[in-house]
Amino acid sequence: MMPLGRSFFARPSLQVAPDLLGCMLVHYTSEGVLSGIIVETESYGGINDPASHAFKGKRTARNEVMWGPAGHAYIYLIYGIHLCFNVVTGQDGDPQGVFIRAVEPRLGMKIMARERNISLDRNNIRKLANGPSKLCTAFCITKDMYGTDVTSAPLFFTAGEDVDIVTSDRIGIDYAGNGANWPWRFLVKDSPYISRKA
DNA sequence: ATCACGATAACG
DNA sequence: GTTATCGTGATC
């Protein structure tokens, strides 16, 4: 399966975020192949989005990759422990991104369970990657992959299945004022693999 | 001081 | 099943 290319990501975040639902996230690691269907994303919309790290044109070492070309990984540490994984979208110079919040595991669940330090049984497959930091841990996405090109191996996306989509407001951005109410979170309808209910 | 989170505890 | 609490360290 061909990786999704630059042109897929070089579109507005509000188009890419829902389009990624149903697509595969794939990571070739030394442990084995990890993959899963993306079931939850959020759009972060550049300098006019009060929830965005680039709001009002803020440009720092941390968010620098957002300002570059689409299709690169924006990864950062939050709350001292947790990693977040985004894909840069939009045109070069327009700091947009899509935040990947949850994945339905397909390949490499045994490895994911080991990475997550939980036992693997039928009841907890949905807990392997049902959150932004959990999926980083499960998929062996580390901070040193900051800036990585995600249009080719080892970490990339492929086209997936058609899915029904629902929206909600975004999670964990109470600081964003009115922006906290925008319906920029996208979920696969009725998926049990999402981080929390819409 | 703040934060795109999640494990745990203390409840049903 | 639910809700509340708080650790953790890079960032600015």
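By convention in this document, chain letters (A, B, ...) are assigned in the order of the sequence lines, proteins followed by strands, and residues within each chain are numbered from 1.
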Taking everything shown except A:Asp162 itself, do over 12 heavy atoms lie less than 6.0 Å from its CG? no

Short side-chain N/O contact to B:dA4 OP1/OP2 from A:Tyr74, under 4.0 Å: no

Would the distance check show the side chain of A:Glu42 and the main-chain N or O of A:Arg101 forming a donor-acceptor pair, the cut-off being under 3.5 Å? no

If only atom types and distance count, is the side chain of A:Asp49 paired as donor or acceptor with the main-chain N or O of A:Gly46 below 3.5 Å? no

Donor-acceptor pair, distance only, cut-off 3.5 Å: does the side chain of A:Arg170 make one with the backbone of A:Tyr44? no

Counting only heavy atoms and a strict 4.0 angstrom limit, can you tell me which residues of residues 182-198 of chain A come near DNA chain B? none

Value for NZ (A:Lys197) from CG (A:Leu187), rounded to nearest 0.5 Å, stands at 13.0 Å

Name the nucleic acid region contacted by A:Arg101, choosing base, sugar-phosphate or nothing; use a 4.0 angstrom heavy-atom cut-off, strictly under. sugar-phosphate

Any donor-acceptor pair under 3.5 Å from A:Gln96 side chain to A:Ser13 backbone: yes

Side chains of residues 17-28 of chain A: which donor-acceptor partners sit under 3.5 Å, not counting sequence neighbours?
| unit_1 | atom_1 | unit_2 | atom_2 | d |
| --- | --- | --- | --- | --- |
| A:Asp19 | OD2 | A:Arg11 | NH1 | 2.9 |
| A:Asp19 | OD2 | A:Arg11 | NH2 | 3.0 |
| A:His27 | ND1 | A:Phe139 | O | 2.6 |

Sticking with atom C1', work out how far B:dA1 lies from C:dC6, rounded to a whole angstrom. 16 Å

Using a strict heavy-atom distance below 4.0 Å, which residues from residues 78-86 of chain A are in contact with DNA chain C? A:Tyr79, A:Gly80, A:Ile81, A:His82

Do A:Lys134 and A:Glu40 sit within salt-bridge range, that is, some charged N less than 4.0 Å from a carboxylate O? no

Inter- and intrachain pairs under ring pair (Phe, Tyr, Trp, His ring centres under 6.0 Å), touching residues 163-182 of chain A, at least two apart: A:Trp182-A:Trp184

Sequence neighbours excluded and cut-off under 3.5 Å, please list the side-chain donor-acceptor pairs for residues 69-77 of chain A, or say none.
| unit_1 | atom_1 | unit_2 | atom_2 | d |
| --- | --- | --- | --- | --- |
| A:His72 | ND1 | A:Gly147 | O | 3.0 |
| A:Tyr74 | OH | A:His53 | ND1 | 2.7 |

Please say yes or no: joined through hydrophobic side-chain contacts below 4.5 Å, possibly via intermediate residues, are A:Ile194 and A:Phe99 part of one cluster? no

Quick check on A:Gln15: does its CD atom have over 12 non-hydrogen neighbours (other residues, nucleotides or ligands) under 6.0 Å away? yes

What are the atom names and distances for every N/O pair under 3.5 Å that joins the protein to nucleotides 9-12 of chain B?
none

Any idea if B:dA7 is syn or anti, going by the 90°-from-0 cut? anti

If you group Ile, Leu, Val, Met, Phe, Trp and Tyr by side-chain heavy-atom gaps below 4.5 Å, do A:Val65 and A:Val98 land in one group? no

Cut-off 3.5 Å, side chains only: do A:Ser191 and A:Glu104 have a donor facing an acceptor? no

Residue pairs fulfilling side-chain hydrogen bond (donor to acceptor under 3.5 Å, both in side chains) with at least one residue in residues 135-156 of chain A, sequence neighbours excluded: A:Arg6-A:Asp149, A:Arg6-A:Thr151, A:Thr142-A:Asp144, A:Asp149-A:Thr151

For DNA chain C, just give me the dot-bracket, please: Watson-Crick or G-U, both distances below 3.5 Å, ( ) intra-strand, [ ] crossing earlier pairs, | paired with another strand, . unpaired. |||||||.|||.

Would you please name every residue forming a side-chain contact (heavy atoms from CB on, under 4.5 Å) with A:Ala54, sequence neighbours left out? A:Ser52, A:Asn63, A:Trp67, A:Pro95

Do A:Phe157 and A:Phe9 have ring centroids that are under 6.0 Å from one another? yes

Set out, in order, the CA-CA distance, both residues' side-chain angles and the distance that settles side chain to side chain contact (heavy atoms under 4.5 Å, CB included) for A:Ile118 and A:Leu128, then state yes or no. CA-CA 8 Å; A:Ile118 61 179; A:Leu128 286 172; 3.9 Å; yes

Do A:Ile100 and A:Met145 share a hydrophobic cluster (ILVMFWY, side-chain heavy atoms under 4.5 Å, transitive)? yes

Shoot me the first and last contacting nucleotide of DNA chain C against chain A, ordered 5' to 3', at under 4.0 angstrom to non-hydrogen atoms. C:dT2 to C:dC12

Residue-level proximity of residues 128-137 of chain A to DNA chain B when a heavy atom falls under 4.0 Å: A:Gly131, A:Pro132, A:Ser133, A:Lys134

Could you walk me through whether A:Val103 and A:Tyr193 pass the side chain to side chain contact (heavy atoms under 4.5 Å, CB included) test, one step at a time? CA-CA 7 Å; A:Val103 171; A:Tyr193 296 89; over 6 Å; no

DNA chain B contacts among residues 103-118 of chain A, heavy-atom distance under 4.0 Å: A:Arg116

